[in-house]
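Letters A, B, ... mirror the listed sequences (proteins, then strands); counts begin at 1.
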2 protein chains.
Amino acid sequence: MSKLDNKNAQPDSSCLIEKLSQFIDLSGVDKDLLATLEKSSQQFDRHEQVWGVDTQLENMYVVKQGWLITYTILQDGRRQVLELHYPGDVIGSSDIPFRHATSNLMAVEPCVLCPFPKSAIDVIFRESPRLTALIFTLAMIDKSINLDRIRILGRMSARERLAHILLEIHSRLSLTGGVSENQYRLPLSQFDLGDAVGLTNVSVSNGLTHLEEDGLISRSKGMVELKNIDRLTKLSDYINRYHEVDISWFPDAST
Amino acid sequence: MSKLDNKNAQPDSSCLIEKLSQFIDLSGVDKDLLATLEKSSQQFDRHEQVWGVDTQLENMYVVKQGWLITYTILQDGRRQVLELHYPGDVIGSSDIPFRHATSNLMAVEPCVLCPFPKSAIDVIFRESPRLTALIFTLAMIDKSINLDRIRILGRMSARERLAHILLEIHSRLSLTGGVSENQYRLPLSQFDLGDAVGLTNVSVSNGLTHLEEDGLISRSKGMVELKNIDRLTKLSDYINRYHEVDISWFPDAST
DNA sequence: AAACATATTTAATCTAGTTTAAATCAACAG
DNA sequence: CTGTTGATTTAAACTAGATTAAATATGTTT
């Protein structure tokens, strides 16, 4: 648990403000509110656990750098990866209703996180309807992605599941500039990928090889390229949830 | 689409107020707010669709009577049931961020729903931080149940999945008095159940028969009895999410 | 009560993905 | 450059659950 307080954190370039400004214009009041909340950033090593099941959660986090996963472990030791987290994500809203964390959160590579107190959510609800709407919306987008995951786990073949999650990652990374020429860095092992879509590492290897042979993707040195997005989309019945988001109903910026 | 407006709906016994009062004390102001929002109730027949994918959502609903399911259909016609909805549920918050519905909503038996306009959420965010916290919390509980579903779909055997969903239903119905002596009415067919946990109806039949032979459950005339909750819980690694909910942080009732 | 439609059970066969294990490949420290 | 560690690939044997289909059971309508 070697969480190093990063003393170099610049208080003026807040992670939260940066993240949330991508979606809506923030008023000065909202920015001041967010600035108050944010603590100095923390670094985490590869495979370091940020919190575990039954940790009493003090903080939520904005991801400044690196990928993380939430996961659970079954009695027999098998693992199910529940959610992937990327730079720009707000992590922890799912656990707000609960006294303890409901899953484990682990860095899959070196990460920088910006914590802010869980209790801040209460302040936001009271002070800023507009920020409230935004945080609610982000949580609901995550939820719809979870429902898509349920769909592929319940009813799809190995190839389809893999195509689907590669597209999902592609969509999410595109939001924050992590994709160019349909190519992105994929820091997940085939174990991680398998645990996310309910397959063994062996099936992941076979499936990816197969997709590559069919010319749908190509891989090299931790990078993936989606060579035929149309066919991948059709194969896995993929829907980009980020494209349909409607923020027109948000309350006006507080004066 | 024979949605019958129920002219007998009593405006003074609001579904929303009744539902939300189960969790927190509502101030007079909050009650007035909710009363304004609610429309007259609607009835739906067995297997009638309330909304479909790509319906432009006008309303959210409180379930007054009957069970419903949200589901999606794959290209090949197979179905995945995403969520179960019971009397007392608020349906539709997942779709708030989106212009169109992301799934289909269908009554599995005759239902009575109380619609309120989707736009009301904006009013609630602006007027009542306390109601906001409640609605957010309910959505996050649903989300954690979705994550549990991902877990069982990704990594559990047929028997374990069935034990898990029977316990999940048990926990939820217990909240609103739908269980006595660990026995409850289960209006879902084995097709429905299978589509919820990623199995065929044949595997559901086999699995339930097996659980019954082992003395873990018993069935008769659309009722299920959980005869050994401890063993079912251990078998499926079940966690009752409703037990860990913490509402102590909610903003005070507005004055 | 008879007739029909719908659900459930049972059984035989088949297959996608698991399991296990060995071989190959890649990354990196010394 | 080499040895070590971890990740990926490949292959063979196995199995849980799918598929298909027929037999019962249950419920509803007339």
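Whole-Å rounding puts the E109(B) CD to dT6(C) C1' distance at 17 Å. Taking atom CG of L162(B) as the reference point, atom P of dG17(D) lies 10 Å away to the nearest angstrom. Going from atom CZ of F191(A) over to atom P of dT18(C) covers 12 Å, rounded to whole Å. When the C1' atom of dA16(C) is taken as reference, atom CZ of R161(A) falls 10 Å away, rounded to whole Å. As rounded to whole Å, 10 Å separates atom C1' of dG27(D) from atom CZ of R46(B). Between the P atom of dT15(C) and the CZ atom of R159(A) lies a distance of 18 Å, rounded to the nearest Å. Between the CG atom of N206(B) and the P atom of dG17(D) there is a distance of 10 Å, rounded to whole Å. Put simply, CE on M156(B) is 17 Å from C1' on dG17(D), counting in whole angstrom units.
A side-chain donor from one of D192(A) and S189(A) sits under 3.5 Å from a side-chain acceptor of the other. In this model, no donor atom of one side chain and acceptor atom of the other lie less than 3.5 Å apart for S41(B) and K64(B). Inspection of the Y184(A) and S174(A) side chains reveals no N or O donor paired with an N or O acceptor under 3.5 Å.
Phosphate contact (OP1/OP2 of dT9(C), side-chain N/O of R219(B), threshold under 4.0 Å): present. Remark: R155(A) is not in phosphate contact with dG17(D), judged by side-chain N or O atoms under 4.0 Å from OP1 or OP2. Side-chain nitrogen and oxygen atoms of T200(A) include at least one within less than 4.0 Å of the OP1 or OP2 phosphate oxygen of dT18(C). Remark: S205(B) is in phosphate contact with dT9(C), judged by side-chain N or O atoms under 4.0 Å from OP1 or OP2.
Of the candidate nucleotides dG17(C), dT8(C), dA18(D), dG17(C) has the atom lying nearest to any side-chain atom of L199(A). Taking the side chain of K221(A) as heavy atoms from C-beta on, and the options dA21(C), dA27(C), dT19(D), the nearest nucleotide is dA27(C). Comparing dT8(D), dT19(C), dT8(C) by their closest approach to the side chain of R78(A) singles out dT19(C). Nearest to the side chain of H47(B), among dA21(D), dA7(C), dA18(D), sits dA7(C). Nearest nucleotide to the S203(B) side chain, out of dT8(D), dA18(D), dA11(C): dA18(D). Here the side chain of Q190(A) is nearest to one of dG17(C), dG17(D), dT9(D), namely dT9(D).
The pair E83(B)-K143(A) meets the salt-bridge criterion, since a charged nitrogen lies less than 4.0 angstrom from a carboxylate oxygen. In this structure, E160(A) does not pair ionically with R155(A), as no charged nitrogen and carboxylate oxygen lie closer than 4.0 Å.
Residue G207(A) is classed as having no contact, given no heavy-atom separation below 4.0 Å to the nucleic acid. Using a 4.0 Å heavy-atom criterion, one finds that G222(A) contacts no nucleic acid atom at all.
Between V202(A) and L208(B), the residue anchored closer to the 5' end of DNA chain C is L208(B), taking for each the nucleotide with the nearest heavy atom.
A distance-only check finds no donor-acceptor pair linking the side chain of Q183(B) to the backbone of V224(B) [under 3.5 Å].
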